[in-house]
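Predicted model, so just to flag it, every value in this text is computed and none were measured. Atoms within a ligand are numbered from 1 in the order they appear, just like the ligands themselves. Atom set for the values below is all heavy atoms of this structure, side chains included, hydrogens, waters and symmetry mates excluded.
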Amino acid sequence: MKLLHTADWHIGRTLNGTSLLDEQKYAFNQILQIAKDEQVDGIVIAGDIYDRAVPSAEAVTALNEMFQQINLENKIPIYAISGNHDSAQRLNYGRDWMEFTNFHLNTLLEEAFTPIETDDVQIFMLPFFDPLDARVYYGHHGMDEEEAQQITSIGTAMNYVISDMVKLFAPNKKHLLITHFAVTADGQDDPNLTSETASKVGGLATLTASQFSDFDYVMLGHIHTRFASPSETVRYSGSPVKFNVKEARLKNKGKGVDIVTINDSTISHEYRALTPQTDLVVLEEDWDTLCDPDFYQNQPAKKDWFAITIKNFERSEHVQTNVRAELQKRYGTIIELDYQLDQAELETQNITTNINEVSPEETVNQFFHSITGKDLSPQQNTLVENIFNEVEREHK
Ligand SMILES: [Mn+2]
């Protein structure tokens, strides 16, 4: 059996106000092509399919088209679960009849105890849940009320869930799990460190890879980089698209999917890279460098998106410059703009600049920056410009 493992599509997500939908569709087309080339027996989507519990109409339409292409046009089975960003109820809609085309979708804890069975594999699909969901479930499934109330951490809840799954294990089959949680390698080397204590490490409620050792292979969603995979058999695929500037700054940032091959004796995974249509480029340079044609003509300007930090910025020298507009002329879409003021500038920052020397747009921008520490987004900037244009027109 061969599965394509992906997760965290977050359809409908924006990046500082810029829609990522085209980027997500571009990644999707590559995922579908990989699935066809590899002739996989299914596509696993390990949660956070939508970006929000109530997705936009545009996001719903886009995802419907993707699912149709996979499942109806290409007859590739889907194994999908909900993540913490999805609404279990909304995503669950249509679940029962989708099973007829091998579209398997779990959004509720109770659905996780009916594995999908093939001749030699059992696939358990465990959607994201919280300790409250587990208390409710176990309160109705053989646990007395008092015992169920003891389930206060995700670590405890997961141990109950896994031990119930193990009871369902067919002995001659491989056992796969699809789920959506933060799982770390902590505690793996130290058998004395229980999952309970490990889950408190760093104050984060996380699970540890060793809790999943009953499974032959675990396909995870939740953490957006595959480099966070806690072990060789407990793996994150990562998201298909970069979602923020922080991610673009990372050294290990390649996006892709895993092809998981399950044989009688082994389970192996192979990474397949995805290429961005519009990449996110991070620049940290002085103003003069940023404006130097020799520099910006060597950048993927007007093609990719930019997150720019202007180093050693002397604002007093640029009071009449619309900094963002100047950079946009050279680079195109600027997703994020930050300033690193130089020391002298920091000391004089509190001295009021002569308001008559500053363009109205820049005044708003500076005010916004002093309050929020951020620059206006491209949309906000356009809005401000439009407002001033209108005001100007009215006064003519
Ligand atoms: Mn996510």
Asks: Between Glu38 and Arg272, does any side-chain N to carboxylate O distance fall below 4.0 Å?
Replies: yes
Asks: Can you tell me if His85 has an N, O or S atom under 2.8 Å away from the Mn ion (ligand 1)?
Replies: no
Asks: Give the name of the N/O/S atom in Asp8 that lies closest to the Mn ion (ligand 1).
Replies: OD1
Asks: By side chain to side chain donor-acceptor pair (under 3.5 Å), which residues pair with Glu326, not counting sequence neighbours?
Replies: Lys329, Arg330
Asks: State whether His10 contributes an N/O/S atom found under 2.8 Å from the Mn ion (ligand 1).
Replies: yes
Asks: Parallel, tilted or perpendicular: which describes the rings of His318 and Phe313, with under 30° parallel and over 60° perpendicular?
Replies: parallel
Asks: Rounding to 10°, state the angle centred on the Mn ion (ligand 1) that links NE2 in His224 with OD2 in Asp48.
Replies: 170°
Asks: On the six-membered ring of Tyr217, is Arg235 placed so that its NZ or CZ lies under 6.0 angstrom from the centre and within 45° of the ring axis?
Replies: no
